[in-house]
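Take a look at the structure below.
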Amino acid sequence: KAGVTQTPRYLIKTRGQQVTLSCSPISGHRSVSWYQQTPGQGLQFLFEYFSETQRNKGNFPGRFSGRQFSNSRSEMNVSTLELGDSALYLCASAVWLGGTEAFFGQGTRLTVV
Amino acid sequence: QQQVKQSPQSLIVQKGGISIINCAYENTAFDYFPWYQQFPGKGPALLIAIRPDVSEKKEGRFTISFNKSAKQFSLHIMDSQPGDSATYFCAASETYKYIFGTGTRLKVLA
């Protein structure tokens with residue numbers, strides 16, 4: 001059974017640019033949630049999608065957005081990148097977040113220069 | 001506002017010893033409590049999880065103890081091995097999101 005796949009694994013972007021990250025969940029999982037991991041703030045919740053609907057959103061600025069497609073794949077977008085956006089971005093897939101186990105991908109390491 | 005407090009921040013244990021990591025929470029709406037293990041450069045891997053109606057759950061060398069009245073839960077790693085050296089995160093689930101503790105960096109000495 002394939003795990004959670006995140007692409008790309010590494011990204012280097014310049015301040016002011018935008019970036020799109022992709023997450024393919026485990027087959028049969030309809031919940032995809034996104035987290036930002038930094039040494040200073042730890043793992044912070046960004047948003048959660050289920051069947052193409054955003055069900056919850058964390059305390060991040062509107063520059064952070066996401067969406068989910070009908071095949072459960074999800075993307076997150078960060079516009080007008082800032083140096084502080086440099087982080088490991090992780091997605092987790094679950095049949096139902098909070099009701100069943102959630103599995104993380106390897107993450108996308110974003111560096112903003 | 002940190003809703004899940006994790007301690008200690010770092011832990012050094014001898015091979016064969018018991019590693020204990022503690023977490024405390026305040027929100028009684030939390031209804032699912034997983035523990036994750038993360039190695040450098042990797043995503044967190046689910047170790048074990050518990051619901052508040054269960055006081056203890058054991059899987060192999062890993063045990064969660066849960067105290068609902070105290071709003072605390074802990075991870076015990078029995079017979080700790082050097083391969084267990086990693087960062088461990090507790091988490092709590094509320095409506096469609098996980099809130100994570102700040103992590104414990106465990107080092108098991110050979």
Side-chain angles (χ1 to χ4, degrees), chain A residues 3-7 9-10 21 23-26 29-60 66 68 74 87-109, chain B residues 1-10 21 23-25 27-54 57 59-60 62 64 73 75 86-106:
Chain A
V4 180
T5 303
Q6 291 190 244
T7 56
R9 289 292 313 279
Y10 303 94
L21 313 181
C23 173
S24 293
I26 293 170
H29 287 193
R30 295 163 66 188
S31 167
V32 174
S33 52
W34 288 87
Y35 299 82
Q36 181 194 65
Q37 185 174 28
T38 59
Q41 298 297 316
L43 282 150
Q44 299 287 315
F45 170 76
L46 282 157
F47 25 66
E48 192 263 0
Y49 287 89
F50 183 87
S51 292
E52 302 180 67
T53 299
Q54 185 184 90
R55 297 192 299 185
N56 205 344
K57 189 178 190 306
N59 296 323
F60 279 82
Q68 187 180 35
S74 178
L88 180 66
Y89 289 89
L90 294 157
C91 78
S93 88
V95 173
W96 180 275
L97 189 68
T100 61
E101 301 147 324
F103 300 92
F104 280 86
Q106 299 267 54
T108 294
R109 172 71 63 184
Chain B
Q1 181 186 1
Q2 184 185 1
Q3 297 187 51
V4 179
K5 295 183 179 181
Q6 184 171 347
S7 63
Q9 192 172 20
S10 62
I21 304 170
C23 285
Y25 65 97
N27 187 349
T28 56
F30 291 153
D31 57 3
Y32 182 71
F33 301 87
W35 284 89
Y36 285 86
Q37 176 191 58
Q38 187 176 30
F39 293 103
K42 303 290 187 181
L46 179 65
L47 273 178
I48 187 171
I50 199 168
R51 296 199 178 277
D53 54 347
V54 176
K57 183 176 181 180
E59 290 184 2
F62 301 95
I64 299 178
F73 57 110
L75 175 69
T87 301
Y88 293 80
F89 293 93
C90 63
S93 173
E94 62 173 355
T95 311
Y96 312 132
K97 76 177 186 182
Y98 282 176
I99 296 172
F100 284 87
T102 50
T104 296
R105 186 168 293 184
L106 171 66

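Just so we're on the same page: letters track the sequence lines, and every chain starts at 1. Only heavy atoms go into these numbers, but all of them, side chains included; no hydrogens, no water, no symmetry mates.
Under the 4.5 Å side-chain criterion, counting only non-hydrogen atoms from C-beta, A:Tyr89 is not in contact with A:Cys23. Residues B:Phe100 and A:Gln37 form no side-chain contact, since every pair of their non-hydrogen atoms from C-beta on lies 4.5 Å or further apart.
Proximity to chain B (any heavy atom under 4.5 Å) is restricted, for A:Leu90, to the side chain, taken from C-beta onward. Within the 4.5 angstrom heavy-atom criterion, only side-chain atoms of A:Leu88, from C-beta onward, approach chain B. Only the side chain of B:Tyr36 has a heavy atom closer than 4.5 Å to any heavy atom of chain A. No part of B:Pro34 comes within reach of chain A, as not one of its non-hydrogen atoms sits under 4.5 angstrom from that chain. Neither the backbone nor the side chain of A:Gln6 comes within contact range of chain B, judged by heavy atoms closer than 4.5 Å. For chain B, the nearby part of A:Arg9 is the side chain; its heavy atoms alone come within less than 4.5 Å.
Interatomic distance, CG of B:Leu75 versus NZ of B:Lys57, reported as 12.5 Å (0.5 Å rounding). To the nearest 0.5 angstrom, A:Glu101 atom CD is 5.5 Å from B:Leu46 atom CG. Interatomic distance, A:Leu43 CG to B:Thr102 OG1, rounded to the nearest 0.5 Å: 10.5 Å.
Screening residues 39-51 of chain A for side chain to side chain donor-acceptor pair (under 3.5 Å) gives A:Arg30-A:Ser51, A:Ser31-A:Glu48, A:Glu48-A:Arg55, A:Tyr49-A:Gln54 as the qualifying pairs, with residues at least two apart or on separate chains. Residue pairs meeting the salt bridge (Lys or Arg N to Asp or Glu O under 4.0 Å) criterion with at least one partner in residues 38-50 of chain B, sequence neighbours excluded, do not occur; the list is empty.
Listed options A:Tyr35, A:Phe47, A:Trp96 were ranked by heavy-atom pairs under 4.5 angstrom with chain B; first place goes to A:Tyr35. Comparing B:Tyr98, B:Tyr32, B:Phe33 by heavy-atom pairs within less than 4.5 Å of chain A, the highest count is held by B:Tyr98. In terms of heavy-atom pairs under 4.5 Å with chain B, the best-connected choice from A:Gly42, A:Ser33, A:Ala102 is A:Ala102.
Between B:Tyr25 and B:Phe30, the ring planes are tilted. Angles from 30° to 60° get that label.
Within a 6.0 Å sphere centred on CG of B:Asp53, other residues, nucleotides and ligands contribute more than 12 heavy atoms.
By a heavy-atom distance cut of under 4.5 Å, B:Phe89, B:Ser93, B:Thr95, B:Tyr96 are the residues of residues 89-96 of chain B near chain A, going up by number.
Partners of B:Val54 under the side-chain contact (heavy atoms from CB on, under 4.5 Å) rule, at least two apart in sequence or in another chain, are B:Ile50.
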